[in-house]
Each structure stands twice: as C-alpha cells, then as structure tokens.
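All remarks here apply to the structure that follows.
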Amino acid sequence: MEMYAEMHLIFDNDFDVNEITESIGINPTECKNRCETRVSPITNKQIEGYWSLKSRAFNGCDIKAVLDDLISSFANKLSEIKSICDINVGDVVFDIVPSFCSDNTPAIYFDRDFLEIVHYLNATIQIDMYVN
C-alpha cells in the first residue's frame with residue numbers, strides 16, 4: 001500500500017497565493033493564482049487558486065507517518081496559515097491518497113493531534129482511495 005497526503009490552501013478570489021510563500025517562508029509543492037487555473041466547463045469560470053504542500057510517498061499502512069511528514073513541514077506556521085485564510089477568505093483542505101491492492105483492506109484513522117490541527121484551521125479532510 002502506498003499513500004501520501006497534501007494540504008491545500010484554496011482561494012476562490014483573486015488573492016495572490018505567492019504571498020503565502022513570502023509570508024510563511026515555506027516553498028509549496030505547487031501553487032497557482034486563480035487567473036492561472038483552468039476554466040471549469042460547468043461554470044465557465046476560473047477554478048480556485050491554490051497553494052499546496054505534499055508529503056513524501058510512503059509504502060505501508062500507517063497513515064500517521066504520512067500525516068506527521070506533511071505536518072512537520074508547517075507545524076510552526078499554523079497561526080500564520082490560519083490568519084492568511086481568515087483574512088483572504090481561504091479554505092484549508094487535507095487530501096489523503098492511499099493506493100492499495102484489492103486483496104488488502106485499508107484502515108484510516110486520525111490521531112488527536114491531527115484532528116486538533118484540522119479543527120484549529122477549520123479544515124476539510126478528503127480521502128481519495130485508489131485500488132490497484
């Protein structure tokens with residue numbers, strides 16, 4: 001089983017996501033301003049701008065190792081991240097992506113420390129599972 005996790009800061013406005021990098025001093029894995037994203041075929045408008053960090057990919061079943069790797073890259077910047085999102089009407093989304101074989105049954109759990117961060121940032125958790 002392989003898995004990784006990402007934290008996305010998402011802005012459905014013209015906020016310059018490059019300011020996040022300057023403000024917190026962490027380089028994102030990927031970022032795009034709203035004007036740089038594709039046009040949604042459904043709404044015919046630009047999709048949201050985003051600033052994302054990605055964990056390393058881990059082989060195994062321990063989601064804690066994946067989340068600890070991701071969180072270690074921004075743990076000392078939580079108040080700055082919260083402030084940026086509050087001021088600029090942004091959302092935080094944690095995206096967890098496990099890949100597993102059909103003969104394995106995945107188990108996903110969240111420890112208290114991770115849930116406290118989710119609560120503090122008023123974040124959403126998304127899980128995208130892939131069966132090989």
Side-chain angles (χ1 to χ4, degrees):
M1 181 169 171
E2 180 178 283
M3 72 173 80
Y4 65 89
E6 295 180 284
M7 178 185 71
H8 309 285
L9 307 183
I10 300 171
F11 300 88
D12 193 16
N13 54 42
D14 294 328
F15 172 65
D16 183 358
V17 295
N18 295 300
E19 290 181 23
I20 299 168
T21 304
E22 296 168 16
S23 178
I24 66 174
I26 297 173
N27 290 321
T29 306
E30 185 177 10
C31 71
K32 285 188 179 183
N33 287 312
R34 184 175 183 199
C35 65
E36 300 170 316
T37 63
R38 68 178 174 80
V39 173
S40 167
I42 297 169
T43 64
N44 206 27
K45 296 179 182 177
Q46 300 290 137
I47 61 170
E48 299 92 351
Y50 60 90
W51 186 97
S52 299
L53 284 177
K54 185 176 179 179
S55 74
R56 294 177 289 148
F58 285 79
N59 288 316
C61 297
D62 189 4
I63 195 168
K64 182 171 176 16
V66 174
L67 293 174
D68 286 349
D69 182 66
L70 177 64
I71 291 167
S72 69
S73 62
F74 65 86
N76 61 343
K77 303 292 183 176
L78 287 173
S79 62
E80 291 93 331
I81 291 169
K82 181 170 178 38
S83 177
I84 289 166
C85 288
D86 288 347
I87 292 168
N88 298 290
V89 193
D91 293 311
V92 179
V93 176
F94 288 99
D95 194 13
I96 299 162
V97 185
S99 296
F100 57 95
C101 296
S102 60
D103 59 343
N104 291 336
T105 304
I108 295 181
Y109 67 94
F110 303 113
D111 70 8
R112 186 177 313 259
D113 293 337
F114 175 67
L115 292 176
E116 286 175 0
I117 290 170
V118 170
H119 177 71
Y120 178 74
L121 296 174
N122 195 28
T124 301
I125 301 170
Q126 295 180 358
I127 301 171
D128 297 323
M129 302 180 104
Y130 295 96
V131 178
N132 297 325

Pair H119, E116 - check side chain to side chain contact (heavy atoms under 4.5 Å, CB included), show working. CA-CA 5 Å; H119 177 71; E116 286 175 0; 5.6 Å; no

Mind checking what makes side-chain contact (heavy atoms from CB on, under 4.5 Å) contact with S40, not counting sequence neighbours? I42, T43, I47

I'd like to know if L9 and I87 are part of one continuous hydrophobic network [Ile/Leu/Val/Met/Phe/Trp/Tyr, side-chain heavy atoms within less than 4.5 Å]. no

Which pairs, with at least one residue in residues 16-25 and sequence neighbours excluded, count as a side chain to side chain donor-acceptor pair (under 3.5 Å)? D16-N18, D16-N33, T21-W51

To the nearest 0.5 Å, what is the distance between OG1 (T37) and NZ (K45)? 13.0 Å

Is there a side chain to side chain contact (heavy atoms under 4.5 Å, CB included) between I96 and Q126 once you walk through the steps? CA-CA 6 Å; I96 299 162; Q126 295 180 358; over 6 Å; no

Listed partners of F114 passing ring pair (Phe, Tyr, Trp, His ring centres under 6.0 Å), at least two apart: F94, F110

Taking the cut-offs as 6.0 angstrom to the six-membered ring centre and 45 degrees off its axis, would you call K82 and Y120 a cation-pi pair? yes

Assess whether side chain to side chain contact (heavy atoms under 4.5 Å, CB included) is satisfied between M129 and I127, documenting all intermediate values. CA-CA 6 Å; M129 302 180 104; I127 301 171; 3.7 Å; yes

What's the shortest heavy-atom distance between F58 and R56, and which atoms? CD1-O, 3.2 Å

Do you know which two heavy atoms are closest between K54 and E6, and how far apart they sit? CG-CG, 3.7 Å

Is it possible for you to say whether V17 and Y50 belong to one hydrophobic cluster, with membership spreading through side-chain heavy-atom contacts below 4.5 Å? no

Within a strict 4.5 Å, meaning less than it, do heavy atoms of the V89 and F11 side chains meet? no

Quick one: CD1 on I20 to CG on N27, what's the gap to the nearest 0.5 Å? 12.5 Å

S52 and H8: which non-hydrogen atoms are nearest, and at how many Å? OG-ND1, 2.5 Å

Which atom names give the shortest non-hydrogen contact between L70 and M7, and what distance separates them? CD2-N, 3.9 Å

Would you check, one step at a time, whether the test side chain to side chain contact (heavy atoms under 4.5 Å, CB included) holds for L115 with D113? CA-CA 5 Å; L115 292 176; D113 293 337; over 6 Å; no

Test your reading of the model: is there a side-chain donor-acceptor pair from N88 to the backbone of G90, 3.5 Å cut-off? no

On a heavy-atom basis, the closest approach of P98 and M3 is CA-CB, 3.6 Å

Between the OG atom in S79 and the CD1 atom in I24, the distance rounded to the nearest 0.5 Å is 10.5 Å

Of V93, T124, V92, which is the lone residue that meets side-chain contact (heavy atoms from CB on, under 4.5 Å) with I10? V93

With a 4.5 Å cut-off on side-chain heavy-atom distances among I, L, V, M, F, W and Y, is there a chain of contacts connecting I84 to I117? yes

Reported CG-to-CG distance for the pair N122 and D86, which is rounded to 0.5 angstrom: 8.5 Å

